[in-house]
Structures are given as C-alpha cells and as structure tokens.
Amino acid sequence: MPTARKPSTAKPRARAPVATPAVGALTEHDVYLFREGTHAGLGEKFGCQLAEHGAHFGVWAPNAAAVSVIGDFNDWNAAAHPMQARADSSGVWERFVDGVTHGACYKYRITARDGAQFDKADPFALYAEVPPLTASRAWRLDHEWHDDEWMGQRRARNALSAPMSIYELHLGSWRRRDGRMLSYREAADELAAYVLDMGFTHVELMPISEHPFYGSWGYQCTGYFAPTARYGTPQELMALVDTLHQHGIGVILDWVPSHFPNDAHGLASFDGTFLYEHADPRQGFHPDWNSLIFNYGRNEVRAFLLSSARHWLRRYHFDGLRVDAVASMLYLDYGRREGEWVPNRHGGRENLEAIDFMRKLNELIYQEFPDVQMIAEESTAWPMVSRPTWLGGLGFGMKWNMGWMHDTLAYVREDPVYRKYHHDRLTFSLVYAFNENFVLPLSHDEVVHGKGSLIGKQPGDSWRQFAGLRLLYGYMWAHPGKKLLFMGGEFGQRREWTHEGELEWGVLQHAEHAGLQHWMRDLNRIYRAHAALWEIDFEPAGFQWIDAADRDASVLSFVRRARDGSMVLVVCNFTPVPRTNYVLGVPRPGYWRELANSDAQIYGGSGVGNFGGVASNPAPAHGRVHSLTLTLPPLAALWLVCENDGS
C-alpha cells in the first residue's frame, strides 16, 4: 500500500495575524445530529470548508490528545495551527486557518493519548492528491449544470416500470489514449456517444471514490467524499455525469460502505484508537479482503456513511447507488469459520446494527431523492432486500440476482449434448423471479481472477461460442429483471479483463466480434421499444411460460407482457441443432413477426429463420387453441410479436 507523504520540517513562514471567526462551520444542532447518527449533510460541515479568507477545518477524533492542521500553507508545521476540541465532549476538533486557498494540500497531525503522532488524510476531504501521494486538498465543488431536462424526467427513466439496460465499466481501462488513462472530461463525449449508439439506458461506474491501490478497482477506498484524482478534478467528474445526462443516459455509482483499507493515512485507527472500525478483529477485520469493517453501531460512523451516500447523489447528480457487498454487512460470520465471529445480542449471526443502518440509509435517500435507485449487491437468500422498510424489508429499490447469474453461466458452460440434464438451472430462476426486484448481472466479477471471458465460457469452436453468447444475451434481455453487462462483453472480448490497459477494441475488425456488437446494439433498441419486455418486470403478470419442460430439445419458450396486453414471444434453442416444424402454442391467433433473431447473418449467424414471421394455425398446443410451426435456428434466440389480433 502507498505510504503517507512525509511532512516538511521547515519552519512556517511568518504571517500577519488574522482574526479567527468566533463561530465555526458546525452548529450545536449539527453536533447533536452527528452524535445521534442522523446527520446526512456532514460533507458540508466537516473537513475543509473554504471561506472568503481561509478555511474552517473540522475533524472527529474523540480520543486524541491533540490535533493540528498541517499543509503547504504552513510548511507542514504542526505548531502553526493547533486545533481546539469543542467543549461539548463530542470529540470534534475545529480550527479556522487564514490564507488557505482552493487547491491547497493538507492533513491532520494527530497526537494519540500515548504520545504517538501520525498524519491522517481528511475523512471528509472533497478531493485529494493523485496517488501514491496521500494529502487531502481544499476544494470548491462549483459546477454549472446543464442537465435540467434529464433531472426533470429521471423519475420516469429510473422507475421500476422503465427499461433499464446498464453498461458497467471501469473508467481507467475502458479506453486509453497513447497508453494513458482518459480523464473524466476526456471520457465524457466518447463514452456518451458510444453508450448512446449501443442503446444502453444507464452507465454504472465501478468505484471512483479515492483509493490508494489502483489494483483494488476502487473497492478499497479512503475518500468517501472525494472522486479519485487519477482521472481529474471533481468538476471533471461532474462534467462527465452532466454530459451523459444530456445524452439521456443515467449514471449509477458503485459505493462501498462495507469495508475500508488499513492504509496509514486513512480511517484505520484514526485517532490512535478503533474509531471507525470495531476493536475486536472478529468484528472489525475482514479476512477475505484484508480490510476493516465499519462499526455500524456507532452513531457517528453511521452519520459519516449516510452523509457520503447523500453527497454523491446531491453534489454529483448520480442517479443511484449500487451498494457493494451487502451480504458481508448482513452476516457476522461472513467469510469466517466457527469461533471467529461474535454473535449478536440474541445469539444469532445477523448483524443487527448493519441491518438497521441499511434501512435508515434507504429511508433517507428515497425521502430526499425519490427519483433515484438504491441497488443491493446481495448474494444470499436474505428475504425482502428490495421491499420497503415498513414491510420489514431492507428498503432497497433493486437487488442483483446472483442466483440467476451463477445458474445460467453454469448451464452455458455445459456442452449442448449434456444441457438436457441441467435444464432446471434455467427454469429455476422463475421460481423466485418475483420475490425481489431483480437486476440480472453479468458483471466484472465474472471475467476476473481466472474466470476468463464471457465468450470463453461458451463451449465449442469459435462459431458456436459467438452463437452461444448471442443466445445468452437474447435470453437474458427477455428474462424478467433489469439488465447489467460489463464492458467488453458487448463485443466478445476474448482475454480476461485487467485493469491495466484498455479493452480489446482491435478485435472489432473481425466480423464475428462486430456482429456480436451489432446484435447487442439491436437488442437494446428492440428491448427499449417494447414495453412487454420491461414494464412489469417484477410481477408474475409480466411473464408466462409456453413450454418450460422441453429438456430433450433444450428449448425454452415464454411470453413477456405489458400492461396494455401487448406481448413478445421468446423462443430459445440451446443446442446447435436447427429444429424445423417446431410446434408452439401461442396465446393469440394472427401473424407473428420475427422481431429479433440472433442467428441472422448480419450478426454472424447462419441465417436460419422463418422468413420474417409465421401465421398461426387453429391447432391446439401447450394448452392453447392456436399454435405456430416454427423453424428454430441453432444456438439462437427468437423474439416474435403478434402484428394482428385475430380474436
């Protein structure tokens, strides 16, 4: 891990005396709410708050013997600007420092009660030096926004009844220019144009909070209010979000309130004691990630995290937060063996304080920002994650469907000859599909740590691999739930993702990769145009099986419905065998037009299909009065829509 920068030992420059304001940035009411754990605006109260002639500093260090502000404005001399502890026993230290200007670097020199001294970055810093440097920076968050149109309509765009097709990306490795990472501003126009062209509705940024180790991908963050300086300034991040909004694209931020790293300049042992984390390593240390776990039972820690969440939504106009590693927050024994964890007060394994925190978090966010989405990455069967708190739920808007992801990827890895023996891996997801408001993720987690690429998970030769991946996307985009795809998956990147370097954009010169990208582009366009595929994603009324039991042919067929009765028929053939004269019962008579066919030649397929559509016959099948006689292409998904209702 990077080490803290070494302060200068030079004597401070002489300054003319300037009167220190009598009143600090924190009011008695602020401190009361902070200690109560309900203050969600601490980003505008603590840290470095720039004023006309300097800055007011505020930091929570209740067990420190002394605290000083050090920075380039006083030659990093702790004697120049000692802070004063408030008389209210809150543990808050304050100081107005004259002459501090926008961009100044600073830290806190903390003296512990045992006399040890160490320098800490500001937990509430709005910006920081470019890693591996670790000082905080005084910063103003001014930006002239131009996204009024988006903000005025985003409640409808982010609604559970709206289409949602999310493009997940790691900003530093999406594209590069002359070998270097793009800045937020440089990425803005290029990313907006690409996402718009590809038809995705939202972008999800992997964590961009400041983090010392680039290889953590942002999941080991130290700056809970500061965007990483690797890609530019806070204003440049605002410009990125603003640009995406102006192109009609929502932006979701990956946010990590579950753990933090033990870097010397960060939150760990902040005032010489276990302040943000638990003292007992059975509660405060995460063995899987070698990181520290927040003490959710401490009111001030809860207020810190509430304020962080609100800060990103309010100051940066993000349209939602994807909350990382919720399962690790819910369970006290997560990643631990017997005897390595401390039961709750009832003797159970549930983290009652974390559960209460998440409920309060979601209540607060949805009260102030009813037009955003809170999305949980939760990998267990914890009930009612995406149900309101007044019903006993955790209060999230949506939850990642990890079960669907694991079962589906396990199925597509099987050779098609053996898939009939694993048919239930596909059908099982519909047993619980409406228990939560699900997002179907094919995320970065599935293309790292030796898991290979999505295209590499498909068995067979190159043609079968691309056909299988087109089929997977056709099935996924038709399945109930919102969609998320990690960058590179849209064109079939072959190598496993790495944060060093950029995606394999060069493969698009090959027809099979370009064809897959074309399929994804059309898939998003058709998906968004048909409400049956998204309007009632989270209710049984939006889905109906035609035939879930044809395991011998490895064929699935179902109907998706909209509230107005319109529907899309979906047929998926998971074998490389074309099936002619395949009879399928349909809920309506009429002409069923092929809306999408993943085997079309423009996508790299073999061109097998139904010549644009097929008329129904008054021949009963699958419990329905009318049926279609179809040709099913190999390893392909068909979407059909009834153009005229003969009833």
Side-chain angles (χ1 to χ4, degrees), residues 43-44 47-48 50 101-106 121-122 124-151 167-196 202-212 214 216-218 221-256 308 310-322 487 499 502-503:
E44 297 157 17
C48 175
L50 284 167
T101 58
H102 178 80
C105 294
Y106 72 97
D122 187 352
F124 292 92
L126 302 177
Y127 192 38
E129 291 183 296
V130 179
L133 299 178
T134 57
S136 303
R137 299 187 69 182
W139 209 262
R140 290 188 177 89
L141 296 184
D142 52 313
H143 175 74
E144 185 179 345
W145 289 91
H146 300 283
D147 63 348
D148 289 351
E149 182 178 353
W150 169 266
M151 297 298 281
Y167 186 63
E168 183 195 29
L169 78 149
H170 177 262
L171 196 60
S173 58
W174 179 65
R175 285 192 188 274
R176 296 203 171 185
R177 187 169 296 167
D178 299 325
R180 65 171 179 82
M181 296 182 290
L182 300 180
S183 71
Y184 299 116
R185 190 177 298 277
E186 287 173 327
D189 290 333
E190 196 168 348
L191 180 61
Y194 181 73
V195 173
L196 186 66
H202 291 69
V203 162
E204 180 172 303
L205 298 177
M206 288 171 66
I208 47 83
S209 302
E210 192 58 84
H211 49 286
Y214 183 59
S216 76
W217 313 329
C221 65
T222 51
Y224 277 81
F225 295 78
T228 180
R230 290 177 178 87
Y231 311 133
T233 67
Q235 280 76 9
E236 288 183 291
L237 174 58
M238 292 175 184
L240 170 62
V241 176
D242 205 348
T243 300
L244 288 165
H245 281 175
Q246 291 174 54
H247 285 76
I249 300 163
V251 192
I252 299 166
L253 176 66
D254 207 336
W255 183 62
V256 190
S308 172
R310 179 179 179 270
H311 174 79
W312 295 110
L313 296 172
R314 181 174 179 270
R315 302 307 297 267
Y316 289 90
H317 288 201
F318 282 108
D319 301 292
L321 300 177
R322 179 267 194 183
M487 64 181 194
H499 61 279
E502 66 173 4
L503 296 181

Interatomic spacing from [atom1] in [X] to [atom2] in [Y] - rounded to 0.5 Å:
X      : Y      : atom1 : atom2 : answer
Trp217 : Asp254 : CH2   : CG    : 11.5 Å
Tyr316 : Leu253 : OH    : CG    : 10.5 Å
Arg137 : Cys105 : CZ    : SG    : 5.0 Å
Arg140 : Leu50  : CZ    : CG    : 4.5 Å
Arg315 : Leu141 : CZ    : CG    : 4.5 Å
Leu321 : Glu204 : CG    : CD    : 10.0 Å

Option passing ring-ring contact (aromatic ring centres under 6.0 Å, His included) with Tyr127 (candidates Trp139, Tyr106, Tyr231, Phe225):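 Of the listed options, the one satisfying the test is Trp139.
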- Message: Less than 4.5 Å apart, side chain to side chain, heavy atoms only: is that true for Leu191 and Leu182?
- Response: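 No - every pair of side-chain heavy atoms lies 4.5 Å or more apart.
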Can you give me the closest heavy-atom contact between [X] and [Y], atom names plus distance?
X      : Y      : result
Pro207 : Gly218 : CB-O, 3.1 Å
Leu237 : Pro227 : CD2-CB, 3.5 Å
Trp255 : Ser308 : NE1-OG, 3.0 Å
Trp312 : Gly223 : CZ2-O, 4.3 Å
Cys221 : His211 : CA-CB, 3.9 Å
Gly43  : Leu126 : O-CD2, 4.2 Å

* Are Glu210 and Thr228 close enough that a side-chain donor and a side-chain acceptor fall under 3.5 Å? ->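 Their side chains do contain a donor-acceptor pair, which is all the 3.5 Å distance test asks for.
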Q.
Whether the His202 and Asp319 side chains hold a donor-acceptor pair (N or O, under 3.5 Å, no angle test) is what I'd like checked.
A.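 No donor-acceptor contact under 3.5 Å links the two side chains.
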**Asked** Taking the six-membered ring for Trp, are Tyr167 and Tyr194 parallel (under 30°), tilted (30 to 60°) or perpendicular (over 60°)?
**Response**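 Correct class here is tilted.
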- Task: Indicate yes or no for a side-chain donor-acceptor contact from Glu129 to the backbone of Ala135 under 3.5 Å, with no hydrogens or angles considered.
- Result: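 A pair under 3.5 Å: yes.
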With sequence neighbours left out, what residues match His146 under side-chain hydrogen bond (donor to acceptor under 3.5 Å, both in side chains)?
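Once residues adjacent in sequence are excluded, His146 has no partner under the side-chain hydrogen bond (donor to acceptor under 3.5 Å, both in side chains) criterion.
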- Item | Sequence neighbours excluded, every pair satisfying salt bridge (charged side-chain N to carboxylate O under 4.0 Å, His left out) that has a member inside residues 173-182 |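 Salt bridge (charged side-chain N to carboxylate O under 4.0 Å, His left out) check on residues 173-182 returns Arg175-Glu190, Arg177-Glu186, Arg177-Glu190, Arg180-Glu186.
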From His143, His317, Gln235, residue fulfilling side chain to side chain donor-acceptor pair (under 3.5 Å) relative to Asp242: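 Exactly one pass, corresponding to His143.
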